[in-house]
Amino acid sequence: MAVLYSATLFVSAFLLFAIQPMAGKALLPWLGGAPDVWNACMFFFQGVLLLGYLYAHALSRFASRRAQPFLHLAVLATATTVVLLVRPHAPDDAAQISTRPVFWILKSLAAWVGIPYFTLAATSPLLQKWFSSSRHRRAADPYFLYSASNWGSLAALLSYPLAVEPWLGLSSQRNVWAAGYVVLAFLLAAIAVSLARSRERFEARPRAARPARPARIAAWIGLAFLPSSLLLGATTYLSTDIAPIPLLWVVPLAIYLLTFIYAIEVSPRLLGKLRHACALLALMIVLTILKPSAYPVWLVVALHLALLGTAALLCHATLMRRRPHVGDLTLFYLCISIGGVLGGLFNSVLAPRLFTSLAEYPIAILLVCAMRSAVPERGEKKPRWKPDLGFAALVGALGVGLGYATALVPGLPT
């Protein structure tokens, strides 16, 4: 049973991540490789991902448990039709590209991949919710399946630039992706049949005793926001100021996904060590930011990637320590999606209007340092969420002190 769910989650996540670069590449002949093209694509995919999680949450709340798999299969059948029949095409009016390129991008993506991507986005939380109603011994805590989903995302992320794009044309890529989507439909149908056969267990699973409190929901969103902002900040800094290497953005995103995979295995004792490691790495990075040319490029890149991995693991591990019981599973993933979208909006939309430099990156680092090392155990009646502002202020003060020392003390790089 767990193997079937894990395989389905892996295929779903692989298709979800594979379609993003493929769709962006399909638009390049008409729009070129301008940053606005990729920004519009990312905005679209983040928005549809959020809608998919919202649909999963609504379906799990308002549809009967026996009907949920078949309703989702109906949506999947519609999406399969779109995958097999719809292809991207040139705009009817070429003036649309020059006058309203973002609008045309969003409209084209919605028509071509909107419904399939929406369905894929909703599949992961729904499968975990359905698994919690199975007879498996780990059904009461299905969050371990999230690792299979992230492994699928990571496989798609690494395979596209290394294997898919160099060897397959865009038309072949679409055909292979469509075949994978049909395979996913059969896997989901097998799960729906298995759930229908275990009707007694499926209908008997109770809901959570009480809904999540607003403070807990805010913590979920905040813990998802921080690593999302860090990922974008580190990627922007490394790819623009340090090493403008093609496909460098793949490495930070791969690290980000790996922290999600291993987050559930992190012990509470290790969380405090991760926070102090973040502070140490932050202080080391201050020196490299002040004078990047004084240090080898590989060392600067390694330090920033190490900080991203440590901080993202700290946030995601804390997030998984605060995961709810299965009754609020879809709400939990919806909050994670909201936090990720807010991180993207903060870095891409709000920060450029508020700051003249990449200030959002050190701000996110200090916020990670402000996280308390003591994390409440699951099931604690009164979990506390009090930021350690004193520790963050100490890290910031030490960073400023290092800056003055670098500029004033003879012998140090300036």
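For the single chain, residues carry numbers from 1 onward in sequence order.
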So which atom in [X] and which in [Y] form the shortest heavy-atom distance, rounded to 0.1 Å?
X      : Y      : result
Met22  : Arg174 : SD-N, 3.8 Å
Ala18  : Trp177 : CB-CD1, 4.0 Å
Ala282 : Ile365 : CB-CG2, 3.7 Å
Phe70  : Ala192 : CZ-O, 3.9 Å
Leu158 : Ala254 : CD2-CB, 4.4 Å
Gly52  : Ala121 : CA-CB, 4.1 Å

- Item | From CA spacing to verdict: side chain to side chain donor-acceptor pair (under 3.5 Å), Gln173, Tyr160 | CA-CA 10 Å; Gln173 292 178 31; Tyr160 189 86; 2.8 Å; yes
- Run the side chain to side chain contact (heavy atoms under 4.5 Å, CB included) check on Leu15 and Ile19 step by step: do they pass? CA-CA 6 Å; Leu15 295 172; Ile19 199 174; over 6 Å; no
Would you find a donor on one side and an acceptor on the other, under 3.5 Å apart, between the side chain of [X] and the backbone of [Y]?
X      : Y      : value
Ser6   : Val3   : no
Gln46  : Val341 : no
Ser159 : Ala155 : yes
Ser153 : Ser149 : yes
Thr310 : Ala306 : yes
Arg216 : Arg322 : yes
Ser132 : Lys129 : yes

- Any idea how Tyr256 and Phe260 line up, ring-wise: parallel (<30°), tilted (30 to 60°), or perpendicular (>60°)?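 Tyr256 vs Phe260 ring planes: perpendicular.
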Results of side-chain hydrogen bond (donor to acceptor under 3.5 Å, both in side chains) for [X] - residues two or more places apart only:
X      : value
Tyr53  : none
Ser147 : none
Tyr5   : none

Contact between [X] and [Y] at the side-chain level, heavy atoms closer than 4.5 Å - yes or no?
X      : Y      : value
Leu145 : Leu127 : no
Leu51  : Tyr55  : no
Leu76  : Tyr181 : yes
Trp130 : Leu126 : yes
Val113 : Val48  : no
Leu350 : Leu345 : no
Thr236 : Asn347 : no

- Heavy-atom count around Tyr262 OH within 6.0 Å, excluding the residue itself: above 12?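 It does not: Tyr262 OH has 12 such atoms or fewer within range.
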About how many Å separate [atom2] of [Y] and [atom1] of [X], when rounded to the nearest 0.5 Å?
X      : Y      : atom1 : atom2 : answer
Phe346 : Leu354 : CZ    : CG    : 7.0 Å
Leu50  : Phe118 : CG    : CZ    : 10.5 Å
His72  : Leu59  : NE2   : CG    : 8.0 Å
Ser337 : Leu54  : OG    : CG    : 9.0 Å
Leu313 : Leu274 : CG    : CG    : 5.0 Å
Asp328 : His57  : CG    : NE2   : 7.5 Å

- In sequence, state the C-alpha distance, the side-chain angles, and the governing distance for Tyr361 and Phe355, and then conclude on ring pair (Phe, Tyr, Trp, His ring centres under 6.0 Å). CA-CA 11 Å; Tyr361 185 33; Phe355 312 120; over 10 Å; no
- Give the intermediate values and the outcome of side chain to side chain contact (heavy atoms under 4.5 Å, CB included) for residues Tyr117 and Leu109. CA-CA 10 Å; Tyr117 193 87; Leu109 289 175; over 6 Å; no
- Before giving the answer on side chain to side chain contact (heavy atoms under 4.5 Å, CB included), spell out for Ile115 and Thr119 the whole-Å C-alpha distance, their side-chain angles and the decisive distance to 0.1 Å. CA-CA 6 Å; Ile115 297 179; Thr119 309; 4.2 Å; yes
- Report the C-alpha separation of Thr235 and Leu253 in whole Å, then their side-chain angles, then the decisive distance to 0.1 Å, and conclude whether the side chain to side chain contact (heavy atoms under 4.5 Å, CB included) test is met. CA-CA 8 Å; Thr235 303; Leu253 185 54; over 6 Å; no
- Looking at Thr123, Leu329, Val326, which hits side chain to side chain contact (heavy atoms under 4.5 Å, CB included) with Gln128? Leu329
- side chain to side chain contact (heavy atoms under 4.5 Å, CB included), paired with Arg323, selected from Phe332, Trp220, Tyr146: Phe332
